[in-house]
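Below: one structure, written as structure tokens.
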There are 2 protein chains.
Amino acid sequence: MAKKELSIEQKIKYVQDTLFVISGKWKLPIMMAVNNGNQRFRDIQRAVPNITTRVLSKELKDLEENRLLVRTVYDSLPVTITYTVTPYCKSLKPMVDEMIKWGERHRAELKKARND
Amino acid sequence: MAKKELSIEQKIKYVQDTLFVISGKWKLPIMMAVNNGNQRFRDIQRAVPNITTRVLSKELKDLEENRLLVRTVYDSLPVTITYTVTPYCKSLKPMVDEMIKWGERHRAELKKARND
DNA sequence: GATGCCAGTTACCTAAAGGATACCAACATG
DNA sequence: CATGTTGGTATCCTTTAGGTAACTGGCATC
């Protein structure tokens, strides 16, 4: 089956859908931290520089609602709570990798611009 | 030379840098429209559904300042103004392509979620 | 029994993003 | 000579994102 070619309007719509889910300063960094093995609230907070508890709490709820993270309560004593990424969240990896690459090149570009 | 492995902190920083440049509802859609050949103000406005002149104007200035677009004035009669993408802007393509792909799959995921 | 860690919540505030609407001069088109 | 197009500005307004700071209850540790 031939790969369908999307119209520019469709492409824009899909990009806006994606932006809607990931945009903001914190969602991707949080998912990256959790994916990296930082699964507990304070761990995540330490892994994501400068995020406040209030914002982290709100973002975690948001990500859970959007099925990107799962919150699990273990009834150990004291109770332990972990956040883990879903497979759906992992599907963002190729995009995130491109964002990392671009961010890296962007730093270099900024340096160049300052020296112009 | 071996490909360097970035730490999670570095990766987060680069992603945040990228987010800083592209986030918001309109920047990527505008660049996509311009790249698609919609180079004049009203063309871009028509190509990007629901954007207002005020916002488009502001975003174009922003993108120009960030060296992602170039504004050219032709002194024809009447004067014609075009916006074109820079090579730097084109370097976003792999990332944008991933965002399109993800947005497409996301729609399907949402449908699935509603039927659960 | 004071202090500290965990997982948050609450109230308050500011800045930025974005939308609605009206308007403009210069030209072109019927 | 009325109407439309082009490339925007100017005002005003609402919503959202995000930051600051204080606080809580349960448990553990010194």
Side-chain angles (χ1 to χ4, degrees), chain A residues 12-13 15-34 37-66 68-85, chain B residues 12-13 15-34 37-66 68-85:
Chain A
I12 288 177
K13 202 154 58 67
V15 167
Q16 284 184 318
D17 287 350
T18 300
L19 282 170
F20 189 77
V21 176
I22 66 160
S23 77
K25 273 173 81 172
W26 302 115
K27 290 196 180 61
L28 286 177
I30 290 168
M31 291 188 261
M32 291 164 75
V34 174
N38 303 82
Q39 305 193 323
R40 302 184 54 182
F41 194 90
R42 299 292 175 193
D43 288 345
I44 301 168
Q45 190 168 13
R46 275 185 290 266
V48 179
N50 302 315
I51 195 166
T52 64
T53 54
R54 183 195 169 276
V55 171
L56 178 54
S57 171
K58 196 196 122 274
E59 297 286 42
L60 286 171
K61 273 179 195 156
D62 219 82
L63 292 168
E64 203 195 340
E65 273 172 25
N66 282 294
L68 291 161
L69 295 183
V70 174
R71 182 180 186 269
T72 314
V73 182
Y74 294 98
D75 59 351
S76 52
L77 262 177
V79 282
T80 307
I81 292 158
T82 67
Y83 294 88
T84 46
V85 300
Chain B
I12 287 176
K13 203 154 56 68
V15 167
Q16 284 184 318
D17 287 349
T18 301
L19 282 170
F20 188 77
V21 176
I22 66 161
S23 77
K25 273 174 81 171
W26 302 115
K27 290 197 180 60
L28 286 177
I30 290 168
M31 291 187 260
M32 291 164 74
V34 174
N38 303 83
Q39 305 193 325
R40 302 185 53 183
F41 194 90
R42 299 293 176 194
D43 287 345
I44 302 168
Q45 189 169 14
R46 275 185 290 266
V48 179
N50 302 315
I51 196 166
T52 63
T53 55
R54 183 194 168 276
V55 171
L56 179 55
S57 171
K58 197 196 123 274
E59 296 286 42
L60 286 171
K61 274 178 195 157
D62 218 82
L63 292 169
E64 203 195 341
E65 273 173 25
N66 282 293
L68 291 161
L69 295 183
V70 174
R71 181 180 186 269
T72 313
V73 182
Y74 294 97
D75 58 350
S76 51
L77 261 175
V79 282
T80 308
I81 291 158
T82 66
Y83 293 88
T84 46
V85 299

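Just so it is clear, the values below take in all heavy atoms, side chains as well, and ignore hydrogens, waters and symmetry mates. Just so it is clear: chains get the letters A, B, ... in the order the sequence lines come, proteins before strands, and each one is counted from 1.
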Can I get a per-line list of side-chain donor-acceptor pairs under 3.5 Å for residues 49-66 of chain A, giving both atom names and the distance, sequence neighbours left out?
unit_1	atom_1	unit_2	atom_2	d
A:T52	OG1	A:V55	N	3.4
A:E59	OE1	A:K27	NZ	3.2
A:N66	ND2	A:D62	O	3.0

Taking atom [atom2] of [N] as reference, at what distance in whole Å does atom [atom1] of [X] sit?
X: A:K27; N: D:dG18; atom1: NZ; atom2: C1'; answer: 11 Å
X: B:R40; N: D:dT5; atom1: CZ; atom2: P; answer: 13 Å
X: B:I44; N: D:dT5; atom1: CD1; atom2: P; answer: 18 Å
X: B:L56; N: D:dT6; atom1: CG; atom2: C1'; answer: 13 Å
X: B:K25; N: C:dA16; atom1: NZ; atom2: C1'; answer: 15 Å
X: A:R46; N: C:dG8; atom1: CZ; atom2: P; answer: 14 Å
X: B:Q39; N: D:dT6; atom1: CD; atom2: P; answer: 15 Å
X: A:W26; N: D:dG18; atom1: CH2; atom2: P; answer: 8 Å

For [X], give me all partners under side chain to side chain donor-acceptor pair (under 3.5 Å), at least two apart in sequence or on another chain.
X: B:R40; value: none
X: A:T80; value: A:S76
X: A:Q39; value: none

Worksheet item: Want to settle it: does A:S23 or B:Q45 sit nearer the 5' end of DNA chain D, counting the closest nucleotide to each?
Response: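 Nearest-nucleotide comparison on DNA chain D picks B:Q45.
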Return the minimal non-hydrogen interatomic distance between [X] and [Y], and the atom names on each side.
X: B:L19; Y: A:G24; result: CD1-O, 3.5 Å
X: B:V48; Y: B:A33; result: CG2-CB, 3.8 Å
X: B:A47; Y: A:I12; result: O-CD1, 3.7 Å

Discussion item. Can you pull out every side chain to side chain donor-acceptor pair (under 3.5 Å) where at least one residue sits in residues 16-25 of chain A? Sequence neighbours excluded, please.
Written reply: A:D17-B:R107
Protein-nucleic acid N or O pairs under 3.5 Å, nucleotides 10-13 of chain D:
unit_1	atom_1	unit_2	atom_2	d
D:dT11	O4	B:R54	NE	3.3

Worksheet, complete the sentence: salt bridge (Lys or Arg N to Asp or Glu O under 4.0 Å) filter on A:R71, not counting sequence neighbours, yields none
Worksheet item: Side chain of A:F41: nearest nucleotide among D:dG8, C:dG8, D:dT6?
Response: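 That would be C:dG8.
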Item to complete: Could you list the residues that satisfy side chain to side chain contact (heavy atoms under 4.5 Å, CB included) with A:V21, not counting sequence neighbours?
Response: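 Counting only residues at least two positions away or on another chain, A:V21 forms a side chain to side chain contact (heavy atoms under 4.5 Å, CB included) with A:L68, B:W102, B:H106.
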Worksheet item: Under a 4.0 Å heavy-atom cut-off, which of residues 57-65 of chain A touch DNA chain C?
Response: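 Output list: A:S57, A:K61.
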Discussion item. Below 4.0 angstrom, which residues in residues 70-85 of chain B have at least one non-hydrogen atom near DNA chain C?
Written reply: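 Listed by number, they are B:L77, B:P78.
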Item to complete: Applying side chain to side chain contact (heavy atoms under 4.5 Å, CB included) between A:Y83 and each of A:T72, A:I44, A:I30, report the one that passes.
Response: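 For A:Y83, the side chain to side chain contact (heavy atoms under 4.5 Å, CB included) test succeeds with only one of A:T72, A:I44, A:I30, which is A:I44.
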